Asks: 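Structure incoming, see below.
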Amino acid sequence: MTVRTRYAPSPTGGPHIGNIRTALFSWLLARHHGGQFLLRIEDTDQKRYDPAAVDLIIEGLAWLGLDYDEGPGIGGPYAPYVQSERRELYRAAADRLLAQGDAYECWCSSERLDALRAEQTRKKLPPKYDRRCRDEAGRAASRGEAEAEARSCVVRFATPLSGAITLHDAVRSDVTFDLATLDDFVILKSDGYPTYHLAYMVDDEIMRISHVLRGEEWLSSTPRHLLLYGALRFEPPVIAHLPVILGPDGSKLSKRHGATSVFEYRDQGFLPEALFNFLGLVGWSLDDKTEILSREEFVQHFSLERVVRNPAVFNVEKLAWMNGVYIREMPLDQLAERIADRLERDLPANVPRPVDRGLVARITPLIRERIKLLSEVVDYTDFFFTDELRYSVEDLLGKAYRERPADAREALGRATDAVSALDTWSHDGLEAALRALAEERGMKAGDLFSVVRVAVTGRRITPPLFESMEILGQERCLRRLREAAEKL
RNA sequence: GGCGCCAUCGUCUAGAGGCCCAGGACGCCGCCCUUUCAAGGCGGAGAUCGCGGGUUCGAAUCCCGCUGGCGCUACCA
């Protein structure tokens, strides 16, 4: 049997970190077995439909490198891959169930349903549809009312009133459900669109999906699905419910916890490689020590057996650490390219674009072990690109010269002299000259370097000073040193 | 309220009866290196394995109960 999995998001917004983890696991499973991974858009809820979402979902998958074999845009043997374009299929399935007596039309108004629910909740009873339309008489009555108001009907599945059904979940032990707790759920809405329950399985059947991976929030609706598979005579796929991803407070990860869209992480300067690695480890592990795995290693080792059952809190700090690891391990030329892209967007508007790639290439080795996120780049490097340094006198003096600005001024003056006397402008020449100066004047080398640092870069935290000065060049450094002295 | 899932350091996890008075990683704290900041090296604190009962010569690992957290309970997915 060839393994075919899919990512079937509802286009209601950008790709959520939780959904994308499910996509990642599904992709991994398919790739591990040399099978196929498909993308299918489940746009059956017109009220929440967001037309921009489909492109965002596709872009998010591409950014993470989750390529799909069939889906919108690229087609495939079971096209179309968008549910709103497949409505006759669901209608036909519903008709079959109607004909078999496994489903019935329900003409109840939403007002009646709401009132019913309210009443049940008030009495502390489980809210369930009362099956008024399940028998002929009730249905006729409801239908009369509905036609008077020109309302149409929904189709409900007729669940067995008793019995039990058990799910053999691929990551959990068997889960048994009491059918008496179920109600007759809607499979076809009054607007003619199917609900998720009907739509996904009709498509999975047609598209020959072998494994369904989804979030644990679906576990409680699985007994309905099992019933539906049976009534439709579908062979159920392997079903695996993945643990939910939690926010720091232990509730399901959502907007109020901060970033939930993969694009928010991208914009914060996370690398797709790092997010891939990190997400691959939320709910799955290789062994007792491996943290860093390449895409290929994930594909090679991934298995449903090692998916954990317990929910996981999303640990952004660890993701940031991992991002740093990826930044440090990335080949310099590749990193330089990403840094250049990032600078184009983060540098002040008056810095000419495109940024000087040669310059970026020289800077990259100086900052690569100092940054965890691409977003930190600009603060480390802006002084290479602009002469508008904004620092205060306090920054310049630092702790060492706070009480004696005159000494700082003198130090700067002597440093300027020492450095202007240099005939070769190199970092070791600079260091030798300034160390000699400190020695000669009885200054702490660190104190001297610190004033020079702020004078030349405008910042207290910078890449290595002498390398930076070498790149900046003699002329610019001298000018900045003099400007600094004038401030005192 | 009902149904269901889950339960090992703050967090992610390893652990499928003796190898565990519990291993790794992030974070945290020291020290070293050092021109700032990092990175790196070394070391440390941190979990009586939610609680209570069993089973067993022996339990984090099996069983039962409890508690807690979470999820679902829509003509949303």
Side-chain angles (χ1 to χ4, degrees), chain A residues 8-12 19 42-45 47-48 106 108 110 113-114 117 120-129 152-156 167 169 172-173 175-178 180-183 185-191 193-197 199-200 214-223 241 243-244 246 248 250-252 278 281-292 308-322 324-325 328 367-372 376 380 398 431 434-435 438 444-450 452-454 457 459-466:
Chain A
S10 172
T12 54
N19 295 332
E42 307 214 324
D43 56 345
T44 55
D45 184 350
K47 291 182 219 66
R48 297 200 307 153
C106 168
C108 293
S110 47
L113 263 18
D114 289 345
R117 232 185 330 268
Q120 287 162 333
T121 314
R122 197 181 58 76
K123 288 185 179 158
K124 304 239 188 228
L125 292 169
K128 277 167 64 175
Y129 176 56
S152 63
C153 67
V154 302
V155 177
R156 287 182 186 273
L167 160 71
D169 191 284
R172 284 149 216 282
S173 41
V175 187
T176 301
F177 301 88
D178 181 359
T181 63
L182 264 37
D183 69 350
F185 57 98
V186 173
I187 56 176
L188 204 67
K189 305 184 230 181
S190 58
D191 62 4
Y193 278 84
T195 59
Y196 167 83
H197 311 296
Y200 97 82
R214 51 162 52 150
E216 200 207 287
E217 65 270 22
W218 288 106
L219 191 58
S220 356
S221 30
T222 310
H241 288 98
V244 288
L246 272 20
S251 67
K252 197 169 153 187
F278 181 77
L281 255 19
V282 7
W284 184 86
S285 69
L286 174 62
D287 55 26
D288 58 343
K289 41 190 58 109
T290 311
E291 302 285 344
I292 305 297
V308 301
R309 281 167 289 276
N310 39 324
V313 173
F314 193 81
N315 187 348
V316 197
E317 300 232 293
K318 187 160 180 173
L319 171 58
W321 161 78
M322 197 172 273
V325 171
R328 276 172 256 129
I367 59 169
R368 87 145 134 195
E369 58 230 10
R370 278 161 239 274
I371 53 170
K372 282 221 234 336
E376 298 167 39
Y380 268 112
E431 177 164 6
L434 289 175
R435 275 194 195 284
K444 282 209 316 231
D447 290 348
L448 176 62
F449 297 167
S450 138
V452 173
R453 180 188 310 280
V454 177
T457 68
R459 291 182 179 272
R460 301 199 55 80
I461 296 170
T462 73
L465 179 58
F466 307 113

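Just so we're on the same page: letters track the sequence lines, and every chain starts at 1. Because only heavy atoms are used, hydrogens play no part in the values below, and waters and symmetry mates are left out as well, while side chains stay in. None of these values were measured; they are calculated from a predicted model.
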Asks: Hey, does the side chain of A:Arg459 come within less than 4.0 Å of B:C37's phosphate (OP1/OP2), counting only N and O?
Replies: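 A:Arg459 to B:C37 OP1/OP2: no side-chain N or O under 4.0 Å.
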Asks: I'd like a table of atom pairs between the protein and nucleotides 44-47 of chain B - only N or O on both sides, under 3.5 Å - with the distance next to each one.
Replies:
none

Asks: Salt-bridge test for A:Glu376 and A:Arg370: reply yes if a basic N is under 4.0 Å from a carboxylate O, no otherwise.
Replies: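 Salt bridge flag = no for A:Arg370 with A:Glu376.
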Asks: I want to check something: taking the side chain as every heavy atom from C-beta on, are A:Val175 and A:His241 in contact at a cut-off of under 4.5 Å?
Replies: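 When only atoms from C-beta onward are counted, A:His241 and A:Val175 do not touch, as no gap falls below 4.5 Å.
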Asks: Between B:G30 and B:A45, how many Å separate the two P atoms, rounded to a whole number?
Replies: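 These two P atoms come out 15 Å apart once rounded.
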Asks: Just to confirm, is there a sub-4.0 Å distance from OP1 or OP2 of B:C72 to any side-chain nitrogen or oxygen of A:Lys252?
Replies: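 For B:C72, OP1/OP2 do have a side-chain N/O of A:Lys252 under 4.0 Å.
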Asks: Rounding to the closest angstrom, what is the interatomic distance between B:C5 and B:A47 at atom C1'?
Replies: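 Those two atoms are separated by 23 Å.
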Asks: Could you list all N or O pairs between the protein and nucleotides 15-25 of chain B that sit under 3.5 Å apart?
Replies:
{"residue": "B:G15", "atom": "OP1", "partner": "A:Arg306", "partner atom": "NH1", "Å": "3.0"}
{"residue": "B:G23", "atom": "N2", "partner": "A:Asp288", "partner atom": "O", "Å": "3.1"}
{"residue": "B:G24", "atom": "N2", "partner": "A:Glu291", "partner atom": "OE2", "Å": "3.3"}
{"residue": "B:A25", "atom": "O4'", "partner": "A:Glu291", "partner atom": "OE2", "Å": "3.0"}
{"residue": "B:A25", "atom": "O2'", "partner": "A:Lys318", "partner atom": "NZ", "Å": "3.4"}
{"residue": "B:A25", "atom": "N3", "partner": "A:Lys318", "partner atom": "NZ", "Å": "3.2"}

Asks: Using a cut-off of 4.0 Å on non-hydrogen atoms, how would the nucleic acid contact of A:Gly398 be classed: base, sugar-phosphate, or nothing?
Replies: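 Nothing, no nucleic acid heavy atom in range.
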Asks: Between the protein and nucleotides 59-68 of chain B, are there any N/O to N/O pairs under 3.5 Å, and if so, what are the atom names and distances?
Replies:
none

Asks: In whole Å, measure the gap between the C1' atoms of B:G18 and B:C62 for me.
Replies: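 Between the two C1' atoms, the distance is 15 Å.
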Asks: Using a distance-only criterion (donor-acceptor N/O pair, under 3.5 Å, no hydrogens), is the base of B:U35 paired with the side chain of A:Arg453?
Replies: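 Under the 3.5 Å cut-off, the side chain and the base do form a donor-acceptor pair.
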Asks: Of the options B:C37, B:C6, B:C3, whose atoms approach the side-chain atoms of A:Phe177 most closely?
Replies: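 My answer, after comparing the listed nucleotides, is B:C3.
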Asks: In whole angstrom, give me the gap between the P atoms of B:C42 and B:U48.
Replies: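 Taking atom P in both B:C42 and B:U48, they lie 28 Å apart.
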Asks: Return the value, rounded to whole Å, for the distance between atom CG of A:Leu167 and atom P of B:G71.
Replies: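 Taking CG of A:Leu167 and P of B:G71, I get 20 Å after rounding.
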Asks: In the strands shown, is B:C51 matched to any nucleotide by a Watson-Crick or G-U wobble pair with both distances under 3.5 Å, and which?
Replies: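 Paired with B:C51, as far as the under-3.5 Å criterion goes, is B:G65.
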Asks: To the side chain of A:Ile461, which of B:U35, B:C37, B:U11 is closest?
Replies: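 Among B:U35, B:C37, B:U11, the one nearest the side chain of A:Ile461 is B:C37.
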Asks: Mapping A:Lys128 and A:Leu281 onto RNA chain B by nearest heavy atom, which one lands closer to the 5' end?
Replies: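 Residue closer to the 5' terminus by nearest nucleotide: A:Leu281.
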Asks: Could you tell me how far B:G52 sits from B:A59 if I compare only their C1' atoms? Round to whole Å.
Replies: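 It works out to 15 Å between them.
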Asks: Can you tell me how far P in B:A22 sits from the matching atom in B:C6, rounded to whole Å?
Replies: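 Taking atom P in both B:A22 and B:C6, they lie 27 Å apart.
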Asks: Test for a donor-acceptor pair under 3.5 Å between the base of B:C37 and the side chain of A:Arg370, counting only N and O atoms.
Replies: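 Indeed, a donor on one side and an acceptor on the other fall under 3.5 Å apart.
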Asks: Which nucleotide in the list B:G4, B:C75, B:A39 gets nearest to the side chain of A:Arg156?
Replies: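 Shortest atom-to-atom distance from the side chain points to B:C75.
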Asks: Between B:G71 atom P and A:Trp218 atom CH2, what is the distance in whole Å?
Replies: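 Answer to the nearest Å: 15 Å.
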Asks: Checking all strands, does A:Cys153 fall into the base, sugar-phosphate, or nothing category for heavy-atom contacts under 4.0 angstrom?
Replies: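 A:Cys153: no heavy atom of the nucleic acid under 4.0 Å.
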Asks: Which part of the nucleic acid, if any, lies within reach of A:Arg368 when heavy atoms closer than 4.0 Å are counted: base, sugar-phosphate only, or nothing?
Replies: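 Contact class for A:Arg368: none.
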Asks: Taking atom P of B:C37 as reference, at what distance in whole Å does atom CZ of A:Arg328 sit?
Replies: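 Rounding to the nearest Å, CZ of A:Arg328 and P of B:C37 are 17 Å apart.
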Asks: What is the distance, rounded to the nearest whole Å, between atom CZ of A:Arg309 and atom P of B:G4?
Replies: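 Those two atoms, CZ and P, are 18 Å apart.
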Asks: Given B:C26, B:A77, B:A74, identify the nucleotide with an atom nearest to the side chain of A:Glu317.
Replies: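 Looking only at heavy atoms from C-beta outward on A:Glu317, the closest nucleotide is B:C26.
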Asks: Search all heavy atoms of A:Arg435 against all heavy atoms of A:Ala445 and return the closest pair with its distance.
Replies: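 Closest heavy-atom pair between A:Arg435 and A:Ala445: NH1-CB, 3.8 Å.
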Asks: Within the 4.0 Å heavy-atom criterion, would you say A:Pro248 contacts the bases, only the backbone, or no part of the nucleic acid?
Replies: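 Contact class for A:Pro248: none.
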Asks: Considering every strand and a 4.0 Å limit on heavy-atom distances, what is the contact class for A:Phe278: base, sugar-phosphate, or nothing?
Replies: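 Answer is nothing: A:Phe278 stays at 4.0 Å or more from every strand.
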Asks: Indicate whether the side chain of A:Asp178 and that of A:Thr181 have a donor and an acceptor atom separated by less than 3.5 Å.
Replies: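 No, no side-chain donor-acceptor pair sits under 3.5 Å.
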Asks: Mind checking if A:Glu42 touches a base, just sugar-phosphate, or nothing, with heavy atoms under 4.0 Å?
Replies: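 Sugar-phosphate contact only.
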Asks: Scan A:Ala445 against the nucleic acid and name what it touches under 4.0 Å (heavy atoms): base, sugar-phosphate only, or nothing.
Replies: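 Nothing, no heavy atom under 4.0 Å.
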Asks: Under 4.0 Å, counting only non-hydrogen atoms across every strand here, what does A:Val454 touch: a base, just sugar-phosphate, or nothing?
Replies: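 Since no nucleic acid heavy atom lies under 4.0 Å of A:Val454, the category is nothing.
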Asks: How many whole angstroms separate atom CG of A:Leu246 from atom C1' of B:G69?
Replies: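 So the CG-C1' distance, A:Leu246 to B:G69, works out to 9 Å.
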Asks: Ignoring backbone atoms, establish whether A:Arg460 has a side-chain N or O less than 4.0 Å from OP1 or OP2 of B:C37.
Replies: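 No, outside the criterion.
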Asks: For A:Glu216 and A:Lys124, find the nucleotide of RNA chain B closest to each by heavy atoms; which residue's nucleotide sits nearer the 5' end?
Replies: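 Per heavy-atom nearest nucleotide, the more 5' residue is A:Lys124.
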Asks: In whole Å, I'd like the distance from the CG atom of A:Leu219 to the P atom of B:A77.
Replies: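 It is 19 Å, rounded to the nearest whole Å.
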Asks: If the C1' atom of B:C20 is compared with that of B:G58, how far apart are they to the nearest Å?
Replies: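 Going atom to atom, C1' in each nucleotide, I get 13 Å.
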Asks: Kindly point out which of B:U35, B:U13, B:C3 is positioned nearest to the side chain of A:Ala312?
Replies: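 Closest nucleotide to the A:Ala312 side chain: B:U13.
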Asks: Between the side-chain atoms of A:Ser190 and the base atoms of B:C75, is any donor-acceptor pair under 3.5 Å?
Replies: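 Side chain to base: pair present.
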Asks: Closest approach to the side chain of A:Lys47, judged atom by atom: which nucleotide of B:C75, B:C6, B:C72 is it?
Replies: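 Among the listed nucleotides, the one closest to the side chain of A:Lys47 is B:C75.
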Asks: Which nucleotide in the list B:A77, B:U11, B:C5 gets nearest to the side chain of A:Ser10?
Replies: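 Nucleotide nearest to A:Ser10's side chain: B:A77.
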Asks: Can you check the distance between B:G50 and B:A7, where both ends of the measurement are the P atom (answer in whole Å)?
Replies: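 Approximately 9 Å lies between the P atom of B:G50 and that of B:A7.
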Asks: Identify which nucleotide among B:A38, B:U35, B:G27 has an atom closest to any side-chain atom of A:Leu465, counting heavy atoms from C-beta outward.
Replies: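 Nearest to the side-chain atoms of A:Leu465, counting from C-beta on, is B:U35.
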Asks: Scan A:Val186 against the nucleic acid and name what it touches under 4.0 Å (heavy atoms): base, sugar-phosphate only, or nothing.
Replies: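 Since only primed, P, OP1 and OP2 atoms lie under 4.0 Å of A:Val186, the category is sugar-phosphate.
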Asks: Rounding to a whole Å, what distance do you find between A:Phe185:CZ and B:C3:C1'?
Replies: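 Taking atom C1' of B:C3 as the reference, CZ of A:Phe185 is at 16 Å.
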Asks: Looking only at side-chain N and O atoms, does A:Thr195 come under 4.0 Å of OP1 or OP2 in B:A74?
Replies: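 Result: no.
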Asks: Which listed nucleotide (B:C12, B:G71, B:G2) is nearest to the side chain of A:Glu217?
Replies: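 In terms of side-chain proximity for A:Glu217, the closest of B:C12, B:G71, B:G2 is B:G71.
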Asks: Would you say A:Lys444 reaches B:U35's phosphate, i.e. side-chain N/O to OP1/OP2 under 4.0 Å?
Replies: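 For B:U35, OP1/OP2 do not have a side-chain N/O of A:Lys444 under 4.0 Å.
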Asks: Between B:A74, B:C6, B:U13, spot the one nearest the side chain of A:Arg117, thanks.
Replies: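 Selected nucleotide (nearest to the side chain): B:A74.
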